[in-house]
Number of protein chains: 2
Amino acid sequence: MAQDRRIRKTRQILKQSLISIMKEKSIKHITVKEICEKADINRGTFYLHYKDVYDMFEQIETEFFNQLKAVLDSYHKQNIRLEDTHLEPLFSFLLENKDFCIVMLSVHGDMSFTKQLLNYLYERIVTVYGKDSSKLEHYYFFVIYGCVGLISNWLNTDTKETPVQMAQLAEDVILNGIRKYL
Amino acid sequence: MAQDRRIRKTRQILKQSLISIMKEKSIKHITVKEICEKADINRGTFYLHYKDVYDMFEQIETEFFNQLKAVLDSYHKQNIRLEDTHLEPLFSFLLENKDFCIVMLSVHGDMSFTKQLLNYLYERIVTVYGKDSSKLEHYYFFVIYGCVGLISNWLNTDTKETPVQMAQLAEDVILNGIRKYL
DNA sequence: TCAATTAATGAACTTAGTGTTGATTTTCAA
DNA sequence: TTGAAAATCAACACTAAGTTCATTAATTGA
């Protein structure tokens, strides 16, 4: 992070520009020219940082998941306890990056973001519940996708629940299903 | 469907070409030129049918979901029973279009496919379980995403379970969670 | 089977964004 | 303050997009 301020600033502005445009259209239709015009950055400057739009997109995504991993790994190393709130730090982190996540999980987002989130959840659930039979695999997939759904809905409504509440809610529906709520 | 044979043929070849290319790369990177070269179709012909790659993609997707809707609606109209296999016709239809669905649900696929599948599942679950409080919303989102996860994992493994078995599995984990399997 | 219709082809063309270069200006860190 | 590095600007060749039109081929249905 000990970077030239100009570099940080340029990338930050370009990132905001891309996210902003992605609220309106899919990445497929977004051009370098468009990103730079909105950011009021010279197009040549863009190429000093990124190969093309997708390269930029990937770098932003990678940065996000590196951050996520760093934050959560350090947390979980101190707390191996199998609580019903073990997903809380994840929900917290996603809430802190709410706007970004909403776009990435939207129809204009990218499958790779969702897939990476699923990967994280998979690792988490294996850590917590273990990996015995391959029979469990289907259930695990149900559950990790389910969590993404929960996250998506939570972020897109008013986010009125706290991360702790959401973690408990997730844990409850994972373990017990929805029967009692019907 | 009472179309000129040439039209059907051209579109079919272009579709195969697109799906085939999508196995290797994301739709973002696919050009009209590339699709036409693989299909050995004149590039001008492409534009007689589609506006651009995304338009083509959307049309294929729309066609798929129209078919899905037609097949399943007619089925459900005769069977309003709330069985634990009410998702069976969906699983059957997806299995019949296995290759297509695998690509669309993969990292090279598009969010809109997943979203449309989610929409269908949402309608289904509301029909079956009702829509009382908004409190249920989170649970419903968990469940519909969970089903997509189940579908994805099922199609990408050996598809050894039958659609009926998958429907029962889904219903079970929706209602009762995974506690008993741990 | 034939005639009218319609789709596909091929070539030419404009347009627009891409990615690069090199000279110049601005900003930064130490 | 100064040397280093980043951002700007203008110019460039290049590639795919999208359109047009004359020509060829295939289809339908009478």
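So you know, we letter chains A, B, ... as the sequences are listed, proteins then strands, and number each from 1. What's counted below: heavy atoms across the whole structure, side chains too, no hydrogens, waters or symmetry copies.
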**OP:** Figure out the CG/C1' separation between B:L48 and D:dC21, and round it to whole Å.
**Re:** 12 Å
**OP:** Specify the separation, in whole Å, of atom CD1 of A:I13 and atom P of D:dT8.
**Re:** 9 Å
Original post:
Of the nucleotides C:dA8, C:dT18, C:dG10, which has the atom closest to the A:Y47 side chain?
Top reply: C:dT18
Original post:
Base, sugar-phosphate alone, or nothing: which one does A:R5 contact when heavy atoms must sit under 4.0 Å apart?
Top reply: sugar-phosphate
**OP:** Round to a whole Å and report the spacing from CD1 of A:I7 to C1' of C:dC28.
**Re:** 10 Å
Original post:
Rounded to the Å, how far apart are A:H29 NE2 and C:dA16 C1'?
Top reply: 15 Å
Subject >> Nearest listed nucleotide, side chain of B:V32, among C:dA8, D:dA17, D:dT8 >> reply: D:dA17
**OP:** Write down the distance between CZ (B:R6) and C1' (C:dT5), rounded to a whole number of angstrom.
**Re:** 8 Å
Original post:
To the nearest Å, how far apart are A:K28 NZ and D:dA17 P?
Top reply: 7 Å
Subject >> d(CZ, B:F46; P, C:dG10) in whole Å >> reply: 17 Å
Subject >> Close side-chain approach of A:V32 to A:M56, heavy-atom, < 4.5 Å >> reply: no
Subject >> Nearest to side-chain heavy atoms of A:T31, which nucleotide of C:dA7, C:dG17, D:dA5 >> reply: C:dG17
Subject >> Candidates D:dA16, D:dC9, C:dT18 - which lies nearest the side chain of B:K33 >> reply: D:dA16
Original post:
Does any non-hydrogen side-chain atom of A:F46 lie less than 4.5 Å from one of A:I41?
Top reply: no
**OP:** Find out whether A:M166 and A:L150 are in side-chain contact, i.e. whether some heavy atom of one side chain is under 4.5 Å from a heavy atom of the other.
**Re:** yes
**OP:** Choose from C:dA8, C:dA7, D:dG18 the nucleotide whose nearest atom is closest to any side-chain atom of B:D4.
**Re:** C:dA7
**OP:** Report yes if some heavy atom in the side chain of A:E63 is under 4.5 Å from a heavy atom in the side chain of A:R11; otherwise report no.
**Re:** no
Original post:
Within this structure, what is the OH-to-C1' distance between A:Y50 and D:dA6, rounded to whole angstrom?
Top reply: 14 Å
**OP:** Return the nearest nucleotide to the side chain of A:R43; candidates are D:dA11, C:dA8, D:dG18.
**Re:** D:dA11
